[in-house]
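First the structure, in the form of structure tokens, and then the observations on it.
These values consider heavy atoms only, across backbone and side chains, with no hydrogens, waters or symmetry-generated copies.
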Amino acid sequence: MDEQLHEMVREVVRSIPSGRVATYGDVADIARAPSPRMVGAVLNQDGHDLPWHRVLKANGTCAPHLADEQLRLLREEGVPSLDGKVDLRAYRWEDAVKEKEEPPGLW
DNA sequence: GACATGACCAGAT
DNA sequence: CATCTGGCCATGT
């Protein structure tokens, strides 16, 4: 049923380049997800294969239980975090795609 | 169908 | 910065 959506979200997350991050809202927007909540839901189920650590909350922080792991992985990829927060202004991947509205070749 | 839960978001106080 | 409020919507009981 929501297979379509699942694949979409996964595809988007997979396309986040190393050293960049995106917010749940952004991913939801790009993947045409009905709501950001779904992104989290999908990652929770099928996110094991994906670079889920490149997905943060809208304020630049990560979900509580993942915080430690998240920040560590990001740091290894070259994304510094200050006080548990990432500077979205500088590392937000969506910035490059935002104007386009939709990633090419996805459909 | 009602109700609770969750890797969310934005605005107001 | 901390809370609250309302909205979001799939999943499970």
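Residue A/Lys85 has a polar side-chain atom (N or O) positioned under 4.0 Å from OP1 or OP2 of C/dC1.
Atom CE in A/Met38 sits about 17 Å away from atom P in C/dG7, given to the nearest Å. Between A/Leu88 atom CG and B/dC9 atom C1' there is a gap of 13 Å when expressed in whole angstrom units. The distance from atom CG of A/Leu71 to atom C1' of B/dA7 is 13 Å, rounded to the nearest whole Å. For the pair A/Asp83 CG and C/dC1 C1', the interatomic distance rounds to 11 Å; values are reported in whole Å. When the P atom of B/dG11 is taken as reference, atom NZ of A/Lys57 falls 16 Å away, rounded to whole Å. As rounded to whole Å, 11 Å separates atom C1' of B/dG6 from atom OH of A/Tyr24. Put simply, CG on A/Asp46 is 13 Å from C1' on B/dA7, counting in whole angstrom units. Atom CG of A/Asn59 and atom C1' of B/dC9 are 10 Å apart (whole Å).
A distance-only check finds a donor-acceptor pair linking the side chain of A/Gln45 to the backbone of A/Ala41 [under 3.5 Å].
Between A/Ala41 and A/Pro36, the residue anchored nearer the 5' end of DNA chain C, judged by the nucleotide with its closest heavy atom, is A/Pro36.
Residue-environment remark: CZ (A/Arg75) stays at or below the threshold of 12 foreign heavy atoms within 6.0 Å.
Backbone-only engagement by A/Ala58 is indicated by non-hydrogen atom pairs under 4.0 Å involving sugar-phosphate atoms exclusively.
Looking at heavy atoms from C-beta onward, A/Leu74 lies in side-chain contact with A/Leu56 at the 4.5 angstrom threshold. Side-chain atoms of A/Val13 and A/Arg54, non-hydrogen and from C-beta on, never get closer than 4.5 Å to each other.
Side-chain proximity of A/His6 to the nucleotides C/dC9, B/dA7, C/dT11 is greatest for C/dT11. Considering only side-chain atoms of A/Asn44, the nucleotide from B/dA7, C/dC9, B/dC9 that sits closest is B/dA7.
Of the residues listed (A/Thr23, A/Asp26, A/Ile30), the one engaging A/Trp93 in a side-chain contact (heavy atoms from CB on, under 4.5 Å) is A/Ile30, and it is the only one.
Comparing C/dG6 with B/dA7, their P atoms sit 23 Å apart, to the nearest whole Å.
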